[in-house]
Number of protein chains: 2
Amino acid sequence: MANYKLAIMLQVKDIPNAEILQKFADRYPQTDIKNVMTFLNLLRVGSDLSLGLNSYLAEYDLLQGRWWVLLLLMREDNLSSTPSALAEKAGVSRATMTGLLDGLLRDKLISRVHGKRDRRQILIRMTVLGQAKLDEVMPGYYQRVNQLMQALSETETTQLMSLLKKIYQQRHVFEDESHLK
Amino acid sequence: MANYKLAIMLQVKDIPNAEILQKFADRYPQTDIKNVMTFLNLLRVGSDLSLGLNSYLAEYDLLQGRWWVLLLLMREDNLSSTPSALAEKAGVSRATMTGLLDGLLRDKLISRVHGKRDRRQILIRMTVLGQAKLDEVMPGYYQRVNQLMQALSETETTQLMSLLKKIYQQRHVFEDESHLK
DNA sequence: AGCTTATAGTTAGCCACCTAATCATGTCAA
DNA sequence: TTGACATGATTAGGTGGCTAACTATAAGCT
């Protein structure tokens, strides 16, 4: 039993074709080829879009982690939050958040202030530079998302949301033995 | 212009709701809320499934990278390939493949043999232990994929494949300025 | 033959993620 | 009020990505 650690997604460039999957299906009879292909395609599309988003953000010296932190701060009325709250909302460990904040601080996009009431807490506030960075990045981001989603009609987008939601509800299948019949 | 490096997907736990997106839409008028939400959900589902797959594989001391290498080798008639061919098919750099192969070698799941014709080449062959590992992992993998995809009917699965394909064709939107109108 | 260029693989060093351990501060109950 | 436990943040150490630089071998020209 190993420790599972990384959120790194394999960039599945070479999804097996039906013939190859059939070879596996012979060895492993439970295989449903169509299901596997759909699953792998879902992973691949997600991975490629994530990679693409990163490559866009990198033009502005950001990656998804630090960019998302700025977005979370922008949502707050006073542009402030704490490391643990940010870690929770971003879905990363507090240790990772410390690292992300280190990077943002280095680029002066945020500031760290020690809490007054609870001296364990640190208050993170987005700086004017941070806001400027976001103002630089976001228009192009929205433009590209729109461009991407133009591949689908309004109806298809609704459909996709609905299908994703159904799959999302099953997401614990890999983790939790009890979900198997 | 920074260097873009990681295939790490942000685990977007906290997708903004319509109200928050509206706030951003006020600041950034090009925002199409529905498109953004669909995009973020696609990223999130991909990320969560990838994470789940990793957590399953970790029970067998594998992660997606090393697991995928074993699958690629299993496809080959003689269970053999070269590091560069594997890197190409797995969609990772040759340097990363070196690292993955190091790990597989440590666990004796593959063997390295120096090429005869071209002495620069190394031949990677899956060992009996490697095949046994895959035979251990794959049934549960297929079982879980089937379980996951039971969320969708046959028709819905076909629909999803079609929608994903349409989006996939637009995947260069983030990387290539010329795709913007 | 001997240069130059291309190719296969590894190494070095960076980044973002993780868990576990640590340190400081708060809280609560005997 | 003090000892046990909880909580916020950081540090240490490991993994798997990346690019760039390096070594060794091969191939192609002149």
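Order of the sequence lines fixes the chain letters, A, B, ..., with proteins taken first and strands second; residue numbering starts at 1 for each chain.
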Each nucleotide of nucleotides 4-10 of chain D classed B (base within 4.0 Å of a protein heavy atom), S (only sugar-phosphate) or -, in 5' to 3' order, makes --BBBBB
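With hydrogens and angles ignored, the 3.5 Å screen pairs a side-chain donor or acceptor of B:Gln64 with a backbone N or O of B:Ser50.
Computed from coordinates, the B:Leu105 CG to C:dG9 C1' distance equals 14 Å when rounded to whole Å. Atom CG in A:Leu51 sits roughly 14 Å away from atom C1' in C:dA16 (whole-Å rounding). As rounded to whole Å, 15 Å separates atom C1' of D:dG16 from atom CG of A:Asn54. Counting to the nearest Å, the P atom of C:dC15 and the CZ atom of A:Arg106 are 6 Å from each other. Taking atom NE2 of A:His114 as the reference point, atom P of C:dC23 lies 17 Å away to the nearest angstrom. Computed from coordinates, the B:Leu104 CG to D:dT15 P distance equals 14 Å when rounded to whole Å. Straight-line distance from the CD atom of A:Gln64 to the P atom of D:dC18: 15 Å, rounded to whole Å. Between the CH2 atom of A:Trp67 and the P atom of C:dC17 there is a distance of 13 Å, rounded to whole Å.
Comparing D:dT19, C:dT25, D:dG16 against the side chain of B:Arg66 picks out D:dG16 as the nearest. The A:Leu100 side chain lies nearest to C:dC17 when the options are C:dC15, D:dC18, C:dC17. Picking from D:dG17, D:dT15, C:dC17 the nucleotide with the shortest atom distance to the side chain of B:Thr96 gives D:dG17. The listed nucleotides are C:dT19, D:dG16, C:dG26; the one nearest the side chain of B:Leu63 is D:dG16.
For A:Arg119, the CZ atom sits in a loose shell: 12 or fewer heavy atoms of surrounding residues, nucleotides or ligands are nearer than 6.0 Å.
For the residue pair B:Asp26/B:Gln22, the side-chain donor-acceptor check at 3.5 Å is satisfied. Using a 3.5 Å distance cut-off with no hydrogens or angles, the side chains of B:Asn35 and A:Asn146 do pair a donor with an acceptor.
A:Leu43 is connected to B:Leu152 through a chain of hydrophobic side-chain contacts under 4.5 Å among Ile, Leu, Val, Met, Phe, Trp and Tyr, so both are in one cluster.
Relative to the ring axis of A:Phe24, A:Arg27 does not place its NZ or CZ within 45° and under 6.0 Å from the centre.
When all heavy atoms of B:Ile110 and B:Ile124 are compared, the pair lying nearest together is CD1-CG2, 3.9 Å.
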